[in-house]
Amino acid sequence: MSSKLEGKVAIVSGSGRGIGREIALKLAADGAALVINDLDAAVAESVTQEIVAAGGRATTCVGNVTAPEFAARFVDTALSTFGRLDIIVNNAGYTWDNVIQKMSDEQWDAIMDVHVTAPFRILRAASEYFRRAAKEEAEQGHEVFRKVVNISSVSGVMGNAGQANYSAAKSAINGLTKALAKEWGRYKINVNSVAFGLIKTRLTEAATGDDATINISGQEIKVGVNQQLMKNLETMIPMGRAGTPAEAAGAVYLFCIPESNYISGQIVICGGGRP
């Protein structure tokens, strides 16, 4: 294993599948210890065991990121298991689309909760440890950088029809990123956003029918993209195709390594050339 992130500890929400899984595996391959999270205990544990089998360190924190008690438990899992926390990736999320005249309060609130309130709570829960650790390290003459990567979307940068809730939420996470970059710069914490374009995951793969759904807290939510629409979307991408979860993870990784120590408050689009 590489040692660029050796000794670092990362928590990645929604890391049982898709992009989150690839982020976790990439950070682990570079030496970081991981706290894996998912709603599904089986898939979370599978990623944890995959990392351990490869010679890495990982543990599991199962739960819904929108639960009021989750943030403290997520952060505490890292501290109690590995003794420190260096990297936070707020990745968990999903879409629940509709045009505004048909969008319910439930749809709006659910998407704001998972994409804005949950990351806010996780970062707030980590703030006491971050501030205390930064003070102790400064007193000892040590320079230690920590990383926050919030996952955004091109929908949060330029909007998207049928996604008033998602576009608003992803725009809000960019605002949170910029605010915390200013608040936490003195603690040597880099806070950045990666805004994904079209990435091939279970949420964007070709729909197989009306039964293509995911279950979020008992609510069945339709996922998948019409195959012809998917092709049309890909023609708008300069590189001519959707990205892979591994490519998406690569963009997040760039903000986790020492080479990004003087980059903060930025929003980088990972979209194959799409502005």
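Remember, predicted model here, so these are calculated numbers, not experimental data.
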**OP:** Evaluate the side-chain proximity of Glu50 to Leu25: yes if any heavy-atom separation is below 4.5 Å, no if none is.
**Re:** yes

Original post:
Less than 4.5 Å apart, any side-chain heavy atom of Asn37 and any of Val12?
Top reply: no

Original post:
Is the Tyr94 ring parallel, tilted or perpendicular to the His115 ring (thresholds 30°, 60°)?
Top reply: tilted

Subject >> Donor-acceptor side-chain pairing of Asp97 and Gln163 below 3.5 angstrom >> reply: yes

Original post:
When you check the gap from the basic side-chain N to the acidic O, do Glu69 and Arg73 get nearer than 4.0 Å?
Top reply: yes

Subject >> Co-membership, hydrophobic cluster, residues Tyr166 and Val116, 4.5 Å side-chain >> reply: no

Original post:
Any side-chain heavy atom of Ile173 sitting closer than 4.5 Å to one from Phe120?
Top reply: no

**OP:** Would you kindly confirm whether Phe74 and Phe82 end up in one hydrophobic cluster when ILVMFWY residues are joined by side chain heavy atoms under 4.5 Å apart?
**Re:** yes

Original post:
Are Val149 and Tyr253 grouped together when hydrophobic residues (ILVMFWY) are joined by side-chain heavy atoms under 4.5 angstrom apart?
Top reply: yes

Original post:
Are Ser152 and Ser193 close enough, and set up right, to give a side-chain hydrogen bond (donor to acceptor under 3.5 Å, both in side chains), and what steps lead you there?
Top reply: CA-CA 6 Å; Ser152 185; Ser193 289; 5.5 Å; no

**OP:** Decide yes or no for Asn91 and Ile23: does some side-chain heavy atom of the first lie under 4.5 Å from some side-chain heavy atom of the second?
**Re:** yes

Original post:
Under 4.5 Å between any side-chain heavy atoms of Asn150 and Leu123, yes or no?
Top reply: yes

Subject >> Min side-chain heavy-atom separation Arg84-Arg146 under 4.5 Å >> reply: yes

Original post:
Under a 4.0 Å N-O cut-off, is there an ion pair linking Asp40 with Arg17?
Top reply: yes

**OP:** Using a 4.5 Å cut-off on heavy atoms from C-beta on, say whether the side chain of Val9 contacts that of Ile87.
**Re:** no

Subject >> Sub-4.5 Å side-chain heavy-atom contact between Gln107 and Met112 >> reply: no

Original post:
Quick one: does Ser46's side chain have a donor or acceptor within less than 3.5 Å of a partner on Ala42's backbone?
Top reply: no

**OP:** Flag yes if Leu79 and Ile189 sit in one hydrophobic cluster, no otherwise; membership is Ile, Leu, Val, Met, Phe, Trp, Tyr, and two members link when side-chain heavy atoms are under 4.5 Å apart.
**Re:** yes

Subject >> ILVMFWY cluster, Phe70 and Leu39 together (side-chain gap under 4.5 Å) >> reply: yes

**OP:** Please determine which of Thr77, Thr81, Thr48 meets the side-chain hydrogen bond (donor to acceptor under 3.5 Å, both in side chains) test together with Thr60.
**Re:** Thr48

Subject >> Pair Asn261-Lys147, side-chain donor/acceptor within less than 3.5 Å >> reply: yes

Original post:
Should Glu137 and Lys188 be marked as a salt bridge (Lys or Arg N to Asp or Glu O under 4.0 Å) after you check the CA-CA gap, both sets of side-chain angles, and the distance that decides it?
Top reply: CA-CA 10 Å; Glu137 289 153 1; Lys188 295 182 171 57; over 6 Å; no

Original post:
When you check the side-chain N and O atoms of Asp113 and Thr66, is any donor under 3.5 Å from an acceptor?
Top reply: no

